[in-house]
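Heads up, the thing below is written out as structure tokens.
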Amino acid sequence: MSWDRVYRLVKQIPRGHVTTYGALAKALREPGGARVVGYAMASTPGGQGIPWHRVVSAGGKIKMPEPHASKQRRLLETEGVDLSRASIDMDRYGWVPRRPKPRKSKAKNKPVT
DNA sequence: CATCTGACGACCG
DNA sequence: GCGGTCGCCAGAT
């Protein structure tokens, strides 16, 4: 799993919606790589059009060192996401990332069956 | 090449 | 419902 894949998925998040690190990881078939996704966000070059603020932790809660947390909340509110609750209403704003294309590493020709 | 860290997730108390 | 611990994968040193 490369971060590049994560970035690509995050960029697909529609405005006004959010997803979770785990959801992205699962979308990439890496259920245990949730932290890798988060780490990828932390490493976001910035200015690359990557809406990292649309990515929250499981349950729709924002967990991250300030000042990013505050900034994320403000950005989400700007997109119309209701942060009034203790956690974001994933049932309402939760967006499920699509499978980009589960490429099996190399385009290895499958020997005729 | 081996070891530590890290925008996390799930479970236990 | 909240805080602490272990496990997870990939990168950086």
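Remember, predicted model here, so these are calculated numbers, not experimental data. Letters A, B, ... are given to chains in the order of the sequence lines, protein chains preceding strands, and every chain is numbered from 1.
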Please list, for nucleotides 9-13 of chain B, all pairs of protein and nucleotide N/O atoms separated by less than 3.5 Å.
from, atom 1, to, atom 2, distance (Å)
B/dG9, OP1, A/Ala58, N, 2.9
B/dG9, OP2, A/Ala58, N, 3.1

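Considering all non-hydrogen atoms of both residues, A/Tyr21 and A/Met64 come closest at OH-CE, 3.9 Å.
Counting only heavy atoms from C-beta outward, the side chains of A/Val56 and A/Lys61 never approach each other to under 4.5 Å. Under the 4.5 Å side-chain criterion, counting only non-hydrogen atoms from C-beta, A/Val55 is in contact with A/Leu24. The side-chain heavy atoms of A/Val96 and A/Thr19, taken from C-beta on, include no pair separated by under 4.5 Å.
Atom CD of A/Glu66 is separated from atom P of B/dA7 by 13 Å (rounded to the nearest Å). Rounded to a whole Å, the NZ atom of A/Lys61 is 8 Å from the C1' atom of C/dC2. The distance from atom CG of A/Leu28 to atom P of C/dC9 is 14 Å, rounded to the nearest whole Å. Atom OH of A/Tyr39 and atom C1' of B/dC4 are 10 Å apart (whole Å). Distance A/Trp3 CH2 to B/dG6 C1': 9 Å, rounded to the nearest Å. Taking atom CD of A/Glu30 as the reference point, atom C1' of C/dC8 lies 10 Å away to the nearest angstrom.
Proximity of the aromatic rings of A/Trp3 and A/Tyr39 is defined here by a centroid distance below 6.0 angstrom, and this criterion is met.
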* To do: Apply the test side-chain hydrogen bond (donor to acceptor under 3.5 Å, both in side chains) to residues A/Asp4 and A/Ser2: give CA-CA distance (whole Å), side-chain angles for both, the deciding distance (0.1 Å), then the verdict.
  => CA-CA 5 Å; A/Asp4 184 61; A/Ser2 47; 5.4 Å; no
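Each of A/Gly32 and A/Ser2 lies near DNA chain C, and the nucleotide nearest A/Gly32 is the one positioned closer to the 5' end.
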